[in-house]
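Everything quoted here is computed from the prediction, not taken from an experiment. No hydrogens, no waters, no symmetry mates; every other heavy atom, side chains included, goes into these values.
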Protein chains: 2
Amino acid sequence: MTAHEHQPPSPDELREAASKIRALAGQLTRRLREASEGADVTMSQAAVLSRLDRRGPATTVELARAERVRPQSMGATLAALEDAGLVERSPHPTDRRQALISLTAEGRRQVEEVRRTREGWIAKALREELDDRERAVVVEAVGLLARLVEEE
Amino acid sequence: MTAHEHQPPSPDELREAASKIRALAGQLTRRLREASEGADVTMSQAAVLSRLDRRGPATTVELARAERVRPQSMGATLAALEDAGLVERSPHPTDRRQALISLTAEGRRQVEEVRRTREGWIAKALREELDDRERAVVVEAVGLLARLVEEE
DNA sequence: TATTGTTATACTCTATAACTATA
DNA sequence: TATAGTTATAGAGTATAACAATA
C-alpha cells in the first residue's frame with residue numbers, strides 16, 4: 001500500500017494503523033532520548049524552549065495547555081529552566097497573578113543546541129534514507145497527525 | 001505543499017520537519033497518556049503486552065532491545081506485569097540463564113483493552129477526520145518513520 | 001467565585017552501578 | 001570472559017491535593 005492507492009479503510013486496517021501510531025510514539029520518544037545523552041536540557045525542557053522560541057513569551061497555564069500537562073508539572077519544568085538561566089519571568093502587564101515566561105540569550109543558544117543534537121539525526125535520516133516523494137509523504141503526515149492530536 | 005509535489009528539500013525545510021517530528025512525538029505521548037487515565041496498565045507496560053501479542057514470547061534482553069531501554073528497566077516493567085498476572089516466565093529450553101516471557105490469558109484480555117481505550121481515539125480520529133488519501137499518507141509515513149527510528 | 005500559580009507528596013520510567021548464575 | 005538477569009539507588013516527568021494571591 002502506498003500513498004497513491006486510496007482505498008476506504010476496513011476497521012481492522014484502522015486498528016492496525018492506530019496500533020502502529022501508538023508504537024511509533026514510544027519508539028520515537030526513546031530514540032530521541034538516546035540522541036540527547038549528555039545534553040544540557042531534558043526532553044520536556046527542550047520542548048518548552050522550542051515552543052517559546054517559535055511562539056514567543058507565554059504564561060505557565062498557556063504552556064501547560066499547549067504541552068498537555070498540568071500547570072503544576074509545567075511549573076516544575078519552568079523552575080528548572082529558570083534555575084539554569086534559560087528562561088526568565090516578567091510581570092504580566094495587567095494581571096498581577098500571571099508572569100510571562102521568555103527565553104534568555106542562553107536559552108536561545110540552547111534552542112540551537114537542541115536543533116543540532118536532538119533533531120539533527122532526524123534531519124539526517126530524512127535526507128539520506130528517504131527519496132523526495134517519501135519526504136513529502138512524511139511532512140504531510142506529520143501535519144495531519146499534529147492536527148489529530150489537538151482534537152479533544 | 002502536498003504529498004504530490006516532490007521538491008528536493010532545502011536544509012531549512014529538513015530542520016523544520018525534524019523539529020515538527022520531535023514535537024509530535026511528545027504531543028502524541030501525552031495525548032496517549034490522557035486516553036489511558038484509569039487504565040489497568042501503564043504505557044510502557046501496554047507497549048510490552050502489545051509486542052508480546054504481535055511477536056510471541058521473548059526474553060528480557062530481546063524486549064529491552066526492541067523497546068530501546070536497558071535490560072534493568074525492562075526487568076522492572078516485566079516484574080510489574082508478572083505481579084499483575086499479565087505475563088508469565090517459562091525456562092528457556094536450552095539456556096538456563098534465560099527465561100521466555102509470554103502473555104497469560106488475562107494479559108491477552110488487557111491487550112484488547114489497550115486497543116479499545118488507548119488506540120481507540122486514534123482509530124476514530126483517522127476514520128472521522130481524514131479522507132482516504134490522507135489516511136494513506138499517514139499509514140505510509142508511519143512505516144517510513146518506524147524505519148528511520150530503527151536505524152542506528 | 002474563578003483563575004493563576006506554588007508547595008508537598010507519590011508513582012512511573014529510566015538510568016547507572018554492582019552483583020549472581022550460567023554459558 | 002561474555003551474557004542473562006536481579007537488586008539497589010537516583011533523577012526526571014507527571015499527577016493529585018491543598019493552599020495563597022489576584023481577578
Short side-chain N/O contact from B:R68 to OP1 or OP2 of C:dA15, under 4.0 Å = no
inquiry  = The test is side-chain contact (heavy atoms from CB on, under 4.5 Å); show your working for B:I122 and B:L32 and say whether it passes.
reply    = CA-CA 9 Å; B:I122 305 179; B:L32 281 162; 4.0 Å; yes
Give me the distances for all protein-to-nucleotides 7-11 of chain D N/O pairs that come in under 3.5 Å?
none

task = Kindly state which residues belonging to residues 27-39 of chain B come within less than 4.0 angstrom of DNA chain D, counting heavy atoms of the residue only, listed by number.
result = B:R30, B:R33
request  = Only pairs at least two apart or in different chains count here, so list each salt bridge (Lys or Arg N to Asp or Glu O under 4.0 Å) that has a residue in residues 38-52 of chain A.
outcome  = A:R51-A:E67
message = Which is more 5' along DNA chain C, the nucleotide nearest A:R89 or the one nearest B:T77? Just name the residue.
response = A:R89
Pairs under 3.5 Å (N/O, protein and nucleotides 19-22 of chain C):
from, atom 1, to, atom 2, distance (Å)
C:dT22, O2, B:R97, NH1, 3.4

task = Would you indicate, yes or no, if C:dT12 has its OP1 or OP2 atom less than 4.0 angstrom from a side-chain nitrogen or oxygen of B:S44?
result = no
side-chain hydrogen bond (donor to acceptor under 3.5 Å, both in side chains) against B:E34, all qualifying residues, sequence neighbours excluded = A:R68
B:S73 vs C:dC13: side-chain N/O to OP1/OP2 distance below 4.0 Å = no
query = Taking only residues two or more places apart in sequence or in another chain, which ones pass side-chain hydrogen bond (donor to acceptor under 3.5 Å, both in side chains) with A:D12?
reply = A:R15
message = Does a side-chain N or O of A:T42 approach OP1 or OP2 of D:dA12 to a distance below 4.0 Å, or not?
response = no
